[in-house]
S.K.: 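Okay, here's the structure, questions in a sec.
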Amino acid sequence: MISESTKARFAREVAKYPADQKQSAVMACLAIVQQEQGFVSTDAEREVAAYLGMAPMAVHEVTTFYNMYSQHECGKYKLNVCTNLPCQLRDGQTALHYLEKKLGVRMGETTADGLFTLQQSECLGACADSPVMLVNDRAMCSFMSEEKLDQLVDGLRSASSGGTR
Amino acid sequence: MNAQQVLAQFAATGVQTCFHDRHIEPQIYAGLNGSNWQLKDYEARGGYQALRKVLGLDGAEALTQDQVIATVKESGLRGRGGAGFPTGLKWSFMPRQFPGQKYLVCNSDEGEPGTCKDRDILMYNPHIVIEGMIIAAYAMGITVGYNYIHGEIFSAYDRFEAALEEARAAGYLGNAILGSSFSFQLHAAHGFGAYICGEETALLESLEGKKGQPRFKPPFPASFGLYGKPTTINNTETFAAVPWIIRNGGAAYLACGKPNNGGTKIYSVSGDVEKPGNYEVPMGTPFAKLLELAGGVRKGRQLKAVIPGGSSSPVLPADIMMACTMDYDSIAKAGSMLGSGAVIVMDDSRCMVKALQRLSYFYMHESCGQCTPCREGTGWLSRVVDRIEGGQGRAADMDLLDNVAESIMGRTICALGDAAAMPVRAMIKHFRHEFEHHVAHKTCMVATAAEQASE
């Protein structure tokens, strides 16, 4: 179920558009769902559809078209590493391979403890900061040398063991 | 530390990419330091003076819509998103007496690989975009606008929302702006990972809450845009150029650059340079100078090739590039495009087959699937480049690539098909010997050891 606080966030997005164009808010509503639940489930799609007066399939089309919506549960931290050409020239792929080794997973997989999902991503739009990665869709991490990758992974591990998020 | 604190340590500061002293006569990035993005800081830099001038609040007469458009035309400002279309001319296409709602849209869906200039504008100088949009809306008689921001740079979206709140509170946005009879409502929207939404009609579809699949043109957005209403779409940097033009005049802006290429331009320099980052310099600055500003080729290596305008623009070999100046006309004459101004530099340790392999994968991944030549062709290109890189190439593959690429070009609804084809054709044209070497010897021409050493 969508909570009242979530609905308040939805309402703020809907208010940006003409009254007969509520559908315009679907991108933002799905991003809010993903931020709160970690991914966009079919149930959540139905609820967003009902809220915006859309066909569930129209919402599903949006979820599946845009790369950043996750349709399945991910690790607590989703790490998206850019490997597009400008990043490839500055160790983007090296960073991805380093994380594969460090986390013991291949790209696309989630660690057994459920903490990390590692993904390759297309251009994040931060090419001069390479290597770059996006954590949980919202936190861009720049100049991620191996040393900083260690710091990030270790930091998130200890933050999680402390029970804070 | 909690998780947020952990992540905050790695957030970009802008120091390396934006707040350096290696711009030349900057207008948009001038005086920024990362903490002075707020309204009061922008006003202290002369912000919103252009809007006051337009509205006649500076003691002089208000400017008419025609005067604003004429000034922008005179400035020679051309669209900074990639196409380089004259901005003033685009504005003049909007129907002035349309009875219904018209819309203004800012394209901040900065996803062209190599491009990261708009992100720094939105993060560190968001009000310059807001002011530019208000002036554009005034010139075209538009009362509602949206800024569609690349979903991956979510902090820029949050920052822009915060700036909008400030502008509303100060009376720069909303009803009866600064007591005038002009009203303009501006909102922020975001994408969520689809390169194609940088294409203006795909962006409109996305803004309507749909899959971002481009529309047929014509009709153009000026007659059938957002919700089917007349709409003008400009890039972030284009809007950001407007306040300076209004304050200083069109002629002064044109004089900053060179004829037909007015003003300054922000170049995102990435790849094999010592100091990757954004560089705002006058149009027509020699490429050699830009390279020098970016610290030169990394580790003192030799320049091999440059992709001068984002990943879709044709690659140029070093000797041709070193003879170019950075403006629309010079780069076009050399056989490429200035595009978004994303300059991807590659040194002599780089394998062009490997570079093309990554780009071709990207276009296959991002094709929206609507047009058969693009949907099937981008996959075909990617598979052929893949097999050449993997030592499984065939002697006829170079001609095959050229043929497939040629068969995509001009046969799709939007420019993504061309964008996928052009890098392939340029790579084959300028570096065919490297592809042939891969096919004949099943290995890379560029010494593997050298490449590893540089990584």
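Chain A is the first sequence line, chain B the second, and so forth, proteins listed ahead of strands; every chain is numbered from 1.
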S.K.: Please look at B/Val144 and chain A and tell me whether the side chain, the backbone, both or neither of the residue comes under 4.5 angstrom of a heavy atom of that chain.
M.R.: neither
S.K.: Are B/Glu152 and A/Arg138 ion-paired here, with the side-chain N under 4.0 Å from a carboxylate O?
M.R.: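 No, no charged N to carboxylate O under 4.0 Å.
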S.K.: Taking C-beta and beyond as the side chain, do B/Tyr361 and A/Gln120 meet within less than 4.5 Å on heavy atoms?
M.R.: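 Of all side-chain heavy-atom pairs linking A/Gln120 with B/Tyr361, at least one is under 4.5 Å.
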S.K.: Could you give the distance from CG (A/Asn136) to CG (B/Leu7), rounded to the nearest 0.5 Å?
M.R.: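 Those atoms lie 7.5 Å apart.
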S.K.: Of all of A/Ala15, A/Cys82, A/Cys29, A/Pro18, which one pairs up most often with chain B through heavy atoms under 4.5 Å apart?
M.R.: A/Pro18
S.K.: For the rings on A/Phe143 and B/Phe10, is their centre-to-centre separation under 6.0 Å?
M.R.: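 Centroid distance A/Phe143-B/Phe10: not below 6.0 Å, so no.
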S.K.: Return the minimal non-hydrogen interatomic distance between A/Cys123 and B/Gly111, and the atom names on each side.
M.R.: CB-O, 3.8 Å
S.K.: Among side-chain atoms of B/Ser270 and A/Arg90, is any donor-acceptor pair under 3.5 angstrom?
M.R.: no
S.K.: Taking side chain as everything from C-beta outward and backbone as N, CA, C, O, which of these in A/Gln151 sits under 4.5 Å from a heavy atom of chain B? Side chain, backbone, both or neither.
M.R.: both
S.K.: If you look at every heavy atom in B/Thr17 and A/Ala128, which pair is closest and at what distance?
M.R.: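 Smallest interatomic distance, heavy atoms only, reads CG2-CB, 3.7 Å.
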S.K.: What's the separation between atom CG in B/Leu207 and atom NZ in A/Lys16, rounded to the nearest 0.5 Å?
M.R.: 10.0 Å
S.K.: Which answer fits B/Ala8, side chain, backbone, both or neither, if we ask what part of it has an atom under 4.5 Å from a heavy atom of chain A?
M.R.: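 No part of B/Ala8 comes within 4.5 Å of chain A.
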S.K.: At a heavy-atom separation under 4.5 Å, does B/Glu205 approach chain A through its side chain, its backbone, both, or neither?
M.R.: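 Contact with chain A: none, neither part.
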S.K.: Does the side chain of B/Pro113 come within less than 4.5 Å of A/Asn84's, by heavy atoms?
M.R.: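 Side-chain contact under 4.5 Å: yes.
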S.K.: Is it the side chain or the backbone of A/Ala139 that comes within 4.5 Å of chain B heavy atoms, both, or neither?
M.R.: side chain
S.K.: Write down the atom of A/Cys127, the atom of B/Thr115, and the distance for their closest heavy-atom approach.
M.R.: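 Nearest pair, atom of A/Cys127 first, then B/Thr115: SG-N, 3.6 Å.
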S.K.: How many angstroms lie between atom OG of A/Ser142 and atom CD of B/Gln16, to the nearest 0.5 angstrom?
M.R.: 8.0 Å
S.K.: Check whether B/His190 gets within reach of chain A through its side chain, its backbone, both or neither, counting any heavy atom under 4.5 Å.
M.R.: both
S.K.: Does any heavy atom of chain B fall under 4.5 Å from the side chain of A/Leu134, the backbone, both, or neither of them?
M.R.: side chain
S.K.: Quick check on B/Ile344 against chain A: is it the side chain, the backbone, both or neither that has a heavy atom closer than 4.5 Å?
M.R.: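 B/Ile344 touches chain A through side-chain heavy atoms alone.
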S.K.: Could you tell me which portion of B/Thr13 (side chain, backbone, both or neither) has an atom closer than 4.5 angstrom to a non-hydrogen atom of chain A?
M.R.: neither
S.K.: Does any donor atom in the side chain of A/Gln21 or B/Glu208 lie under 3.5 Å from an acceptor atom in the other side chain?
M.R.: no
S.K.: Please list all pairs passing the side-chain hydrogen bond (donor to acceptor under 3.5 Å, both in side chains) test where one or both residues lie in residues 23-33 of chain A, with sequence neighbours left out.
M.R.: A/Ser24-B/Tyr227
S.K.: B/Ile307 versus chain A, heavy atoms under 4.5 Å apart: side chain, backbone, both or neither?
M.R.: side chain
S.K.: Looking at residues at least two apart in the chain, or sitting in another chain, which of them share a side chain to side chain donor-acceptor pair (under 3.5 Å) with A/Asn67?
M.R.: B/Glu366
S.K.: In terms of heavy-atom proximity below 4.5 Å to chain B, should A/Met54 be classed as side chain, backbone, both, or neither?
M.R.: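 Only the side chain of A/Met54 comes within 4.5 Å of chain B.
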S.K.: Side chains of B/Phe192 and A/Asp137: closer than 4.5 Å at any heavy-atom pair?
M.R.: yes
S.K.: Minimum heavy-atom separation for A/Met68 and B/Gly193, please, with both atom names.
M.R.: SD-N, 3.6 Å
S.K.: Tell me the closest heavy-atom pair linking A/Leu89 and B/Asp272, and the distance in Å.
M.R.: O-OD1, 3.7 Å
S.K.: Which one wins on heavy-atom pair count under 4.5 Å against chain A: B/Ser311, B/Gly212, B/Cys368, B/Ala188?
M.R.: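 With the most close heavy-atom pairs to chain A, the winner is B/Gly212.
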S.K.: Is B/Gln5 in contact with chain A via its backbone, its side chain, both, or neither, using a 4.5 Å heavy-atom distance?
M.R.: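 Contact with chain A involves no heavy atom of B/Gln5 at all.
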S.K.: Output the option from B/Gln9, B/Glu112, B/His150, B/Glu110 having the highest count of non-hydrogen pairs under 4.5 Å with chain A.
M.R.: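 Maximum pair count with chain A is reached by B/His150.
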S.K.: For a quick test of reading the model, state the closest non-hydrogen atom pair linking A/Ala159 to B/Asn2 and the distance between them.
M.R.: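 What the structure gives for the nearest pair is CB-C, 3.9 Å.
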S.K.: Non-hydrogen atoms of chain A under 4.5 Å away: do they reach the side chain of B/Tyr146, the backbone, both or neither?
M.R.: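 Contact with chain A involves the side chain of B/Tyr146 alone.
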S.K.: List the steps and the verdict of side-chain contact (heavy atoms from CB on, under 4.5 Å) for A/Leu85 and B/Arg350.
M.R.: CA-CA 11 Å; A/Leu85 180 61; B/Arg350 299 301 177 182; over 6 Å; no
S.K.: Go through the atoms of B/Cys197 and report whether side chain, backbone, both or neither lie under 4.5 Å from a heavy atom of chain A.
M.R.: side chain
S.K.: At what distance, to the nearest 0.5 angstrom, does CE of A/Met27 lie from NZ of B/Lys210?
M.R.: 13.5 Å
S.K.: Counting only heavy atoms closer than 4.5 Å, note whether A/Ser121 contacts chain B via side chain, backbone, both or neither.
M.R.: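 Only the backbone of A/Ser121 comes within 4.5 Å of chain B.
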S.K.: Atom CD of B/Gln357 and atom CD of A/Gln88: how far apart are they, to the nearest 0.5 Å?
M.R.: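 Interatomic distance, B/Gln357 CD to A/Gln88 CD, rounded to 0.5 Å: 7.5 Å.
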S.K.: Any non-hydrogen side-chain atom of B/Gln213 less than 4.5 Å from a side-chain atom of A/Phe65?
M.R.: yes
S.K.: Would you compute the distance between atom OH of B/Tyr363 and atom CD of A/Glu122 and round it to the nearest 0.5 angstrom?
M.R.: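 One gets 10.0 Å once the value is rounded to the nearest 0.5 Å.
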S.K.: Side chain, backbone, both or neither: which part of B/Ile196 has an atom under 4.5 Å from a heavy atom of chain A?
M.R.: side chain
